[in-house]
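Have a look at the structure below before the remarks.
Because the structure is predicted, anything quoted here is derived from the model rather than measured. We count ligands from 1, going down the list as the structure has it; atoms in each ligand are counted the same way.
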Amino acid sequence: MNSPLTRVAVLGSTGSIGCQTLDVIRAYPQRFKVVGLSAWNNADLLTKQVAEFAPGIVACANPAALRGRIGADVKRGSITDVACADEVDIIISGVVGKEGLEPVMQALLRGKTVAIANKEAMVMAGGLLQEAARKGGGSIRPVDSEHSAIWQCLAGEDVASVKRLVITASGGALRDLPLAEMEAITPERALAHPNWSMGRKITVDSATLFNKGLEVIEARWLFDVPYDRIDVLMHRESIIHSMVEFVDGSFKAQLSSPDMRQPIQYALSYPERLPTPLKPVDFAGMGSLRFEPLDMERYPCLGYALAAGSRGGTYPAALAAADEEAVNAFLTGRLRFLDIPELLSDTLEGHVTTDEISLEAVLAADAWGREFATAWIEAR
Ligand code: MG
């Protein structure tokens, strides 16, 4: 099959998703071409990526850091300029946090395809992003492994025949730790994920399972399935990435090795599947796959995220912002691990949503969540 060249803009190119995206692209130079890159502040790595992939446009949150290091033929712009550039067919957004929201919304309004790994953007404003896609003719593809799995299970199916979505959870780095030892968790311990290689923020969110709550909210917006038909199931091996149950009692599941390059590649090549050098699943060597109910006492942050989702409005935006501040404070030694759920609980109690959901309302809730969390952390 002679597929046309797909022109890709990578937002957050120096982060975990960005680097793994470039890995995928590197293996298919005749299939994908990097036309735009944007990064936060890792100018060294961005400079190397520009030299290797020769994009037409580049954005860096600290533009001065690029001065004299990349050729004058490479255009500089904002992250939104990169996302909306004419030559871009598909954007993959590996940006962490709210910085990814505006560029993705603008790209959808211009009819672009957006492969979204920036779950905070979906959580904060999933309804607004879907509306932007409808208005502009753009489309949203999942990248997160769970949502990619559900997307793959839904291929060729009628949404009306879906009974429920089952999102799997590994349980994160602290799944077997006695609850009494949670008190003294260090960032190093929380960052030691048993199955996945990911960025620091999401790895801590996986240890608290706040990440899983965000994924439930993300699934609600990606697949338009109500919260009472989305369940979370603990599955230690991270081989089944999620499942769909249909009304006739059938389940479909998607299985692969826990490697983000699989869902990234599928999001780029869809509907085609491309061969990959990734390690296949060794079922015989593995022997069994295990499933357990979730211990909600161990994971209070999951409960708070689910509560924010079902309250709706700007609750998810406020809570996600407070969590970002909390995790950052934990990683820099300003907050204890067990303070994170306490802060989230107080955030939920303190927040007041608006009736009308707009980008301004969502960003205001984000700012409120950050201020609330910062004051809370300082008071500790
Ligand atoms: Mg995930």
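Between the side chain of Arg236 and the backbone N or O of Arg175 there is no donor-acceptor pair closer than 3.5 Å. Remark: the backbone N or O of Leu289 is not paired with any side-chain donor or acceptor of His235 at under 3.5 angstrom.
In terms of distance to the Mg ion (ligand 1), the nearest N, O or S atom of Asp144 is named OD1. The atom of Glu146 nearest to the Mg ion (ligand 1) is OE1, with the search restricted to N, O or S atoms. Among heteroatoms of the N, O or S kind in Glu215, OE2 lies nearest the Mg ion (ligand 1).
The one candidate from Thr113, Ile25, Ile90 that meets the side chain to side chain contact (heavy atoms under 4.5 Å, CB included) condition with Thr6 is Ile90. The side chain to side chain contact (heavy atoms under 4.5 Å, CB included) with Met122 is formed by just one residue from the set His147, Glu218, Glu215; it is Glu218.
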